[in-house]
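A short worksheet on the structure shown next.
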Amino acid sequence: MLSKNNVSLCVPTKEDAQKWYEWVNDIETQSYLGSMYGKIITLESELDYYDFFRKKDDLRIFSIYLNEEKKVIGNVSLMWIDFQNRKAEMWIAILDKNSRGKWYGTDAVKLIVEFGFRVLGLNKIN
């Protein structure tokens with residue numbers, strides 16, 4: 001677990017994936033997710049995605065957890081990690097509507113970037 005201020009990054013659980021399922025099927029939330037807009041995601045496909053990303057060597061995904069409120073509000077990940085060239089792409093989603101605009105994403109980004117540079121030895125994160 002990585003922590004900064006009121007935010008921690010945790011390894012996702014199946015319960016987190018069930019929460020993501022609820023969020024990504026909200027049309028307002030989908031409007032922030034680009035290519036997912038207008039799609040209907042089944043719980044089965046969200047749980048399949050959970051199983052899929054756990055096996056990927058070039059992906060590190062974390063749930064964004066609010067410490068005081070004791071709840072998951074979204075996720076942040078490093079994807080397409082290229083260990084040879086020491087680079088990756090970052091993706092973040094604050095999926096809980098009531099947690100947007102409160103700087104939690106800023107702390108989550110700082111944590112994932114620190115993880116990428118210090119733990120994974122990356123030198124570039126897009």
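Every heavy atom of this structure was used, including side-chain atoms; hydrogens, water molecules and symmetry mates were not.
- In this model, a donor atom of one side chain and an acceptor atom of the other lie less than 3.5 Å apart for Ser8 and Asn67.
- Between the OG1 atom in Thr42 and the OH atom in Tyr49 there is a gap of 14.5 Å [rounded to 0.5 Å].
- Side chains of Ile73 and Leu95 form no contact here, defined as non-hydrogen atoms less than 4.5 Å apart.
- Here the closest non-hydrogen pair linking Gly74 and Trp23 is N-CZ3, 4.0 Å.
- In this structure, CG on Asn98 lies 10.5 Å from CD on Glu69, to the nearest 0.5 angstrom.
- Atoms CD and CG, from Glu114 and Leu120 in turn, are 12.0 Å apart once rounded to the nearest 0.5 Å.
- The main-chain N or O of Ser45 is never found under 3.5 Å from a side-chain atom of Asp48 such that the two would form a donor-acceptor pair.
- The hydrophobic cluster containing Leu47, built from Ile/Leu/Val/Met/Phe/Trp/Tyr side-chain heavy atoms closer than 4.5 Å, also comprises Tyr21, Leu43.
- Listed here is the closest heavy atom pair of Ala93 and Ile64: O-CD1, 4.2 Å.
- In summary, Asp51 and Arg54 engage in a salt bridge, as defined by a charged side-chain N under 4.0 Å from a carboxylate O.
- In this structure the side chain of Ser77 never reaches within 4.5 angstrom of the side chain of Phe53, judged on heavy atoms.
- Summarising the geometry of Ser99 relative to Tyr104, their closest heavy-atom pair is O-CD1, 3.3 Å, with the distance given to 0.1 Å.
- One hydrophobic cluster, built from ILVMFWY side chains closer than 4.5 Å, holds both Phe52 and Met79.
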Inset, instruction - Might you work through the side chain to side chain contact (heavy atoms under 4.5 Å, CB included) test for Ile125 and Lys87, ending with a clear yes or no? - result: CA-CA 6 Å; Ile125 297 174; Lys87 63 182 183 173; over 6 Å; no

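- With values rounded to the nearest 0.5 angstrom, Gln18 atom CD is found 8.0 Å from Glu22 atom CD.
- Here CG of Leu111 is found 7.0 Å from OG of Ser3. Values are rounded to the nearest 0.5 Å.
- Considering only heavy atoms from C-beta on, Trp80 stays 4.5 Å or farther from Leu59 through its side chain.
- Two residues are said to be in side-chain contact when any heavy atoms from C-beta on lie closer than 4.5 Å; Leu78 and Ile112 meet this criterion.
- Side-chain contact between Met90 and Asn126: absent, with no pair of heavy atoms (C-beta onward) separated by less than 4.5 Å.
- Asp82 contributes a side-chain N or O that, together with a main-chain N or O of Gln84, makes up a donor-acceptor pair within less than 3.5 Å.
- Cluster membership check: Val119 shares its hydrophobic cluster with Val7, using side-chain heavy-atom separations under 4.5 Å among Ile, Leu, Val, Met, Phe, Trp and Tyr.
- The number of heavy-atom neighbours closer than 6.0 Å to CG of Asn123, taken from other residues, nucleotides and ligands shown, is above 12.
- In this structure, Tyr65 and Lys71 have side chains that are not in contact, with every pair of non-hydrogen atoms separated by 4.5 Å or more.
- At distances below 3.5 Å, at least one donor-acceptor pair connects side-chain atoms of Asn6 with backbone N or O atoms of Glu68.
- The shortest side-chain heavy-atom distance between Trp91 and Val76 does not fall under the 4.5 Å cut-off.
- Under the 4.5 Å side-chain criterion, counting only non-hydrogen atoms from C-beta, Thr13 is in contact with Asp16.
- Lys102 contributes atom NZ, which lies 8.5 Å from atom CG of Leu66 (distance to the nearest 0.5 angstrom).
- Side chain of Arg100 to main chain of Ile94: a donor-acceptor pair is present (N/O by atom type, distance under 3.5 Å, no hydrogens or angles).
- Ring pair Phe62/Phe115 is perpendicular by interplanar angle, where above 60° counts as perpendicular and below 30° as parallel.
- Remark: the backbone N or O of Lys124 is not paired with any side-chain donor or acceptor of Arg86 at under 3.5 angstrom.
- Within a 6.0 Å radius of CZ in Phe83, other residues, nucleotides and ligands contribute more than 12 heavy atoms.
- Between Ile92 and Gly105, the shortest heavy-atom contact is CD1-O, 3.6 Å.
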